[in-house]
**Student:** 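I have a structure here, written as structure tokens, and I will follow up with some questions on it.
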Amino acid sequence: MSERSLSRRQYLTSVGGAAVTLSVAGCMGDGGNGSGDGGGGNGSTGTEEAPSITAGTAPGFPPFEMKEGGELVGFDIDLFEAVVSETEYQFDGWSEFEFDSLIPALTNNNIDAIAAGMTINEKRDQTIDFTDPYYSSDQAIVVRADGDFSPGSLSDLADRPIGAQKGTTGEGVVQDELVGDEITQNQYNAYDNYVLAIQDLQNGNVDAVVIDVPVAETFANNRPVEIAFVYETGEKFGFGVRTDDDELTSALNSGLSAVREGGTYEELTQKWFGE
């Protein structure tokens with residue numbers, strides 16, 4: 001199925017419960033119950049002000065979300081704001097977190113949605129809900145461009161220090177496929193964000209980093225690192241919402257359809273990925 005037609009539930013069924021890790025964060029209202037720091041609830045009638053939503057994200061994941069000159073920019077940033085503009089909701093701004101703190105922030109009502117390149121998977125779907133998928137990805141194994149280490153498969157990473165970001169699909173690949181079989185737990189280095197992981201790779205503290213393909217390509221275009229090979233995971237990114245916020249989920253799905261049909265989605269992919 002295409003991303004355009006594949007629903008969240010259809011995707012979860014199609015992967016058969018396989019673990020995939022998500023990096024997107026988009027947030028919206030909480031069905032009228034208020035949302036802590038994250039803005040007001042759902043639904044407005046008469047002259048009531050449009051419900052507002054605050055989104056959470058995790059900078060350090062270019063080109064999805066990053067800081068440039070102190071400003072939060074990226075594909076997720078532009079896309080989520082465009083999606084919200086197609087709904088009855090009013091966007092109330094961004095809150096920044098480490099990636100593994102996004103879901104707790106959402107469930108604690110500190111934000112209303114997550115837009116952070118977050119993979120839809122069964123484990124996360126037990127705690128939060130997701131919109132329909134908006135992006136597909138696999139995992140890339142990134143190495144130093146000027147080094148002599150050129151792995152072609154996961155088995156080639158044996159006995160090497162390997163890095164990934166906490167709470168991501170990359171970390172899942174390391175833990176599920178490498179730790180215990182190819183490397184020890186002490187050889188795995190976990191980072192709060194991928195900027196730190198890539199910097200450690202450049203400094204020679206790890207020999208490879210496992211990271212989403214489009215993010216790896218962005219680093220390879222701007223730093224002395226390169227993609228050694230791609231490990232296929234077939235993951236899909238979606239915006240995260242609270243499980244009881246069906247009204248917001250429906251609104252975001254409608255907004256996604258609108259930005260696709262209106263050409264905005266294609267414009268943003270051209271802008272951030274050159275696709």
**Student:** Just wondering, more than 12 heavy atoms not from Lys67 lying within 6.0 Å of its NZ?
**Tutor:** yes
**Student:** For Glu235 and Gln139, which I'm curious about, is there any donor-acceptor pair between the side chains at under 3.5 Å?
**Tutor:** yes
**Student:** Between Tyr194 and Thr168, do the side chains contain an N or O donor and an N or O acceptor separated by less than 3.5 Å?
**Tutor:** yes
**Student:** Nearest 0.5 Å, what's the CD-CG distance between Glu171 and Asp100?
**Tutor:** 8.0 Å
**Student:** Could you check whether Arg160 makes a cation-pi contact with Phe149, meaning its NZ or CZ is under 6.0 Å from the centre of the six-membered ring and within 45° of the ring axis?
**Tutor:** yes
**Student:** When you check the gap from the basic side-chain N to the acidic O, do Arg242 and Asp129 get nearer than 4.0 Å?
**Tutor:** no
**Student:** Regarding Arg223 and Gln202, is there a side-chain donor-to-acceptor distance under 3.5 Å anywhere?
**Tutor:** yes
**Student:** Is the distance between the ring centroids of Phe64 and Trp272 less than 6.0 Å?
**Tutor:** no
**Student:** Flag the pair Phe273 / Phe75 as yes when their ring centroid distance falls below 6.0 Å, and as no otherwise.
**Tutor:** yes
**Student:** For the residue pair Ala164 and Gly170, what are the closest heavy atoms and their distance?
**Tutor:** CB-C, 3.8 Å
**Student:** Applying the side chain to side chain contact (heavy atoms under 4.5 Å, CB included) test to Ile183, which of Val179, Asp181, Asn186 qualifies?
**Tutor:** Val179
**Student:** When you check the side-chain N and O atoms of Asp138 and Tyr231, is any donor under 3.5 Å from an acceptor?
**Tutor:** no
**Student:** Does Lys236 pair with Asp132 as a salt bridge, N-O distance under 4.0 Å?
**Tutor:** no
